[in-house]
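Notes follow once the structure below has been shown.
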There are 2 protein chains.
Amino acid sequence: MTDFHLDDFMPYQLAVLSSKISREFAELYTDRFGLSVPEWRLVAHLSQTSDPVSVREIFERVDMDKSKVSRAASRLEQRGYVIKSVNPADRRLVELRLSEKGRAMVEELAPLARQYDRQCLEALGEAAPAFREAVRVLLESRRPSGDTQRHG
Amino acid sequence: MTDFHLDDFMPYQLAVLSSKISREFAELYTDRFGLSVPEWRLVAHLSQTSDPVSVREIFERVDMDKSKVSRAASRLEQRGYVIKSVNPADRRLVELRLSEKGRAMVEELAPLARQYDRQCLEALGEAAPAFREAVRVLLESRRPSGDTQRHG
DNA sequence: TTGACTTCGTTGCAATTGCAACGATATTGG
DNA sequence: CCAATATCGTTGCAATTGCAACGAAGTCAA
């Protein structure tokens, strides 16, 4: 109607794409492990290192509000996947890390994730590496953003 | 820890990217027009045609739950941006279209949207067209999905 | 040391959300 | 025509969410 074309509009396209993909992938772990999306994200993040990670570090990188991270961590702790402890050097900080049970879950989940990822990239064929790179560039071009809350 | 690399994992990367971009763009219309994200999406969709559109057509394309579309439509109707009417040929269907006021708002918003879009693509430089195309390919490679609800 | 200020994670609360159930309408098969 | 079934949009409700406010802990300057 106006010369604005929704189908070429990046925020819209990305939102639809990412929510579809996120939902589709979630089917692989929701039933099987009883994880919500924020819980999966937290677990995935913790699986990247053996060092303990603070709530702040997570919500900065993962674009989740800190309350979301905090609640996901509590639920995961209750279920035995995550261990919370107080950082002795700075007692404001909470240290999060995976328990043995948590690591075992990731061992099971990781192959599914890799497979899903591969499947996405197959659809792109040769364009896949360029796409990955483009996503990375876009992410870095966005300002690191403020100080407190992200949304989810 | 395991050989799963979150930074290369598409669903995660896309989710972070899209939520950042969506939030960033939302700053342009939230204060100025008092629109929520779902409301903007509905308006944007309606701006693409002068024909009336049903709730179903929208939530199918826009990946929003139908209740979300329904509520966005009601709020927008109350505020005079959208006109709801019953389709006489099939009285189950609700016809949605922009009012004059709604069109005027889009006229104001469209340039902002185009500008934001351009700004995103600039970060990509030459890779921009390929990126757009890749997003489209990915979107089409995802199954059109079930029948009832989307999420948002 | 003290007092002002900052940072961290949790929690209260209101708003938003997704899902299921519903009433209304339409379609289909007999 | 009628009964069974399907589709559409709205709504009730419980769960999730974002935001602000908070207490606890740390930092800094005087």
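Since the structure is predicted, the reported quantities are computational estimates derived from the model, not experimental observations. Chain identifiers are assigned alphabetically (A, B, ...) following the order of the sequence lines, protein sequences preceding nucleic acid strands; residue numbering begins at 1 within each chain.
Residues from residues 84-92 of chain A placing a heavy atom under 4.0 Å of any atom in DNA chain D, listed by number, are A:D90, A:R91, A:R92. Sorted by residue number, the members of residues 69-76 of chain B with any non-hydrogen atom under 4.0 Å from DNA chain D read B:S70, B:R71.
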Which pairs, protein N/O on one side and nucleotides 2-4 of chain D N/O on the other, fall under 3.5 Å?
none

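Checked by atom type and distance alone, the side chain of B:K68 never pairs as donor or acceptor with a backbone atom of B:F59 at under 3.5 Å.
Scored by the side chain to side chain donor-acceptor pair (under 3.5 Å) test, B:R75 finds B:E39 as partners (sequence neighbours excluded). Under the salt bridge (Lys or Arg N to Asp or Glu O under 4.0 Å) criterion, B:R136 pairs with A:D8, B:E133, sequence neighbours left out. Legend: residues meeting side chain to side chain donor-acceptor pair (under 3.5 Å) with A:R61, ordered by chain and number and at least two apart, are B:D7. The salt bridge (Lys or Arg N to Asp or Glu O under 4.0 Å) check on B:R132 picks up B:D117, with sequence neighbours excluded. The side chain to side chain donor-acceptor pair (under 3.5 Å) check on B:E57 picks up B:S54, with sequence neighbours excluded. Evaluation of the side chain to side chain donor-acceptor pair (under 3.5 Å) rule for A:S70 yields no partner, not counting sequence neighbours.
One can place CG of B:L93 at 11 Å from P of D:dT10, the figure rounded to the nearest angstrom. Rounded to whole Å, the distance from CZ on A:R23 to P on C:dG18 is 9 Å. Atom-to-atom, CG of A:D65 to C1' of D:dT16 comes out at 12 Å; the value is rounded to the nearest Å. D:dC13 atom P lies 22 Å from atom NZ of B:K68, rounded to whole Å. Counting to the nearest Å, the C1' atom of D:dA21 and the NZ atom of A:K66 are 10 Å from each other. In this structure, B:R56 atom CZ and C:dA26 atom P are separated by 16 Å, rounded to whole Å. Put simply, CD on B:E95 is 17 Å from C1' on D:dT10, counting in whole angstrom units. Between the C1' atom of D:dG9 and the CZ atom of B:F59 lies a distance of 9 Å, rounded to the nearest Å.
Taking 4.0 Å as the cut-off between side-chain N and carboxylate O, B:K66 and B:E60 do not count as a salt-bridged pair.
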Check residues 83-94 of chain B and write down every donor-acceptor pair under 3.5 Å in which the side-chain atom is one partner and the other belongs to a residue at least two apart or another chain.
unit_1, atom_1, unit_2, atom_2, d
B:K84, NZ, B:S74, OG, 3.3
B:S85, OG, B:E95, OE1, 3.4
B:N87, OD1, B:A89, N, 2.8
B:N87, OD1, B:D90, N, 3.2
B:D90, OD1, B:R92, N, 3.0
B:D90, OD1, B:R92, NE, 3.1
B:D90, OD2, B:R92, NH2, 2.9

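Listed by first and then second residue, the ring-ring contact (aromatic ring centres under 6.0 Å, His included) pairs that reach into residues 84-140 of chain B are A:F131-B:F131, B:F25-B:Y116, sequence neighbours excluded. Residue pairs meeting the ring-ring contact (aromatic ring centres under 6.0 Å, His included) criterion with at least one member in residues 68-109 of chain B, sequence neighbours excluded, do not occur.
For B:S67, the listed nucleotide lying nearest its side chain is C:dG18; candidates were D:dC19, C:dG9, C:dG18.
Using a 4.0 Å heavy-atom cutoff across all strands shown, B:S36 reaches no nucleic acid atom at all.
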